[in-house]
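Here is the structure we will look at.
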Protein chains: 2
Amino acid sequence: MSGEPKRSDARRNRARLVEAAEALFDEVGADAASMNDIARRAGVGPGTLWRHFPDKGAVTAEVVGQSLDGLATLAAELLEGPGTRDFLRQWASALIRHITRYRGLAASYAQAAGNADSPLGARCHAVEEAAAGLVRRAREAGQVRADLTASELIRLVTAVAWVEETTPPPDTAGRLLDLVFEGVRPR
Amino acid sequence: MSGEPKRSDARRNRARLVEAAEALFDEVGADAASMNDIARRAGVGPGTLWRHFPDKGAVTAEVVGQSLDGLATLAAELLEGPGTRDFLRQWASALIRHITRYRGLAASYAQAAGNADSPLGARCHAVEEAAAGLVRRAREAGQVRADLTASELIRLVTAVAWVEETTPPPDTAGRLLDLVFEGVRPR
DNA sequence: ACCTGAACACCGTTCAAGT
DNA sequence: ACCTGAACACCGTTCAAGT
């Protein structure tokens, strides 16, 4: 039920809903923006929102979709690129920036990672795939230890993003990422 | 308002509330256990719960209090102990076990870390103090890099606890902690 | 001094009734 | 084919009224 509707009023409502969700994510965070808030802001009834999106994860997936696709294309670019010494860290840094874009995103992703067939879970899986390619290349280049898996790296980076977004003081993600990448180097 | 009340019925109610909260934390997690649930389970009205505890953080502080004190005494013991090669990691592991005892605790701590005068925030601060002593000693023993702060270590360990508690597959905390401690070693 | 439970504004979620 | 908004059970939180 998340695709483009046929009727023009439905399409317009859908667009308004996504717009409203985006604005609310910006203002109060992805966690605090309630379904009713989003519908109200879009000027439609709650039923209309639920008709367009099966749950809040679907709304979130729509709001962050382009940015997530950006992560995938960045991974592809880095994979075809010259393979600089910090290309993996560059991508990890982009992932953190993505997650910390809206407050509460880390928790949304953590929950979505469970059911892989949800709209958000599927996209998370795609990101993991992208990360797997990068980790493999970094491994072959001897930049990370041979036993490091993409899943482990994603978990660590997501964890850093979470602590950055939830715990003061802010702007410590870079330093924590440094420590993580130190621990991930070949022995 | 969180101390021991004078009247015996109030004391009994307080004890029942803490008991009910503990049971619900066990069954549904610290996040999903609602204030109304706790009051209902204790057989009292919601007003009674709110009279005994100013907010949910205070309830949480009461439920995890003894376990938190255990972390402090463990830190003291390790500080007086022989200083084995992994004493800091031992404590970090205990911290993770503590946080993952109830689902949703990591988020509670992250929120409490902000307002240091809240019942839970104060206890978090005490834990940080304990960690500071351990990190200092580990630094002097050359077990961790000289520029590592206790705050950074706590953030990393809490982050690992969070990802362990929220993201499948489970039981990866040990491995992630290995990587963290690898990254924290002197260069 | 403490408890009670009704009350308020909200939330997620559904669904009959409309156009 | 899609929208509407009332409705349900819940939530956090408060507070007059009781004992």
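Convention: sequence-line order gives letters A, B, ...; per-chain numbering from 1. Just so it is clear, the values below take in all heavy atoms, side chains as well, and ignore hydrogens, waters and symmetry mates.
If you take CZ of A:R40 and P of C:dC10, they are 7 Å apart, rounded to a whole angstrom. Rounded to an integer number of Å, the gap from CG of B:L49 to C1' of D:dC11 is 13 Å. Taking atom CG of A:N36 as the reference point, atom C1' of C:dG12 lies 7 Å away to the nearest angstrom. Going from atom CH2 of A:W50 over to atom P of D:dC8 covers 18 Å, rounded to whole Å. Atom C1' of nucleotide C:dA1 and atom CG of B:N13 are separated by 13 Å, given to the nearest angstrom. A straight line from CZ of A:R16 to P of D:dT4 spans 10 Å, rounded to a whole angstrom.
Comparing C:dC3, D:dC3, C:dA1 by their closest approach to the side chain of B:R7 singles out C:dA1. When distances run from any side-chain atom of B:P46 to the nucleotides C:dC3, D:dC2, C:dG5, the shortest one goes to C:dG5.
At a threshold of 4.0 angstrom between heavy atoms, the contacts of A:D55 with the nucleic acid are absent.
A salt bridge does not link A:R175 with A:D178: every distance from a Lys NZ or Arg NE/NH1/NH2 to an Asp or Glu carboxylate oxygen is 4.0 Å or more. A salt bridge is defined here as a Lys NZ or Arg NE, NH1 or NH2 lying under 4.0 Å from an Asp or Glu carboxylate O, and A:E182 with B:R187 fails to meet this definition. In summary, A:E27 and A:R41 engage in a salt bridge, as defined by a charged side-chain N under 4.0 Å from a carboxylate O.
Within the shown strands, D:dT4 is the pairing partner of C:dA16 under the Watson-Crick or G-U definition, both distances less than 3.5 Å. C:dC10 is unpaired under the Watson-Crick or G-U wobble criterion, no partner having all donor-acceptor distances under 3.5 Å.
Heavy-atom nearest nucleotides on DNA chain C were determined for A:S34 and for B:V44, and the one closer to the 5' end corresponds to B:V44.
Side-chain contact check for B:R155 and A:T167: no donor-acceptor pair (N or O, by modelled atom type) lies under 3.5 Å.
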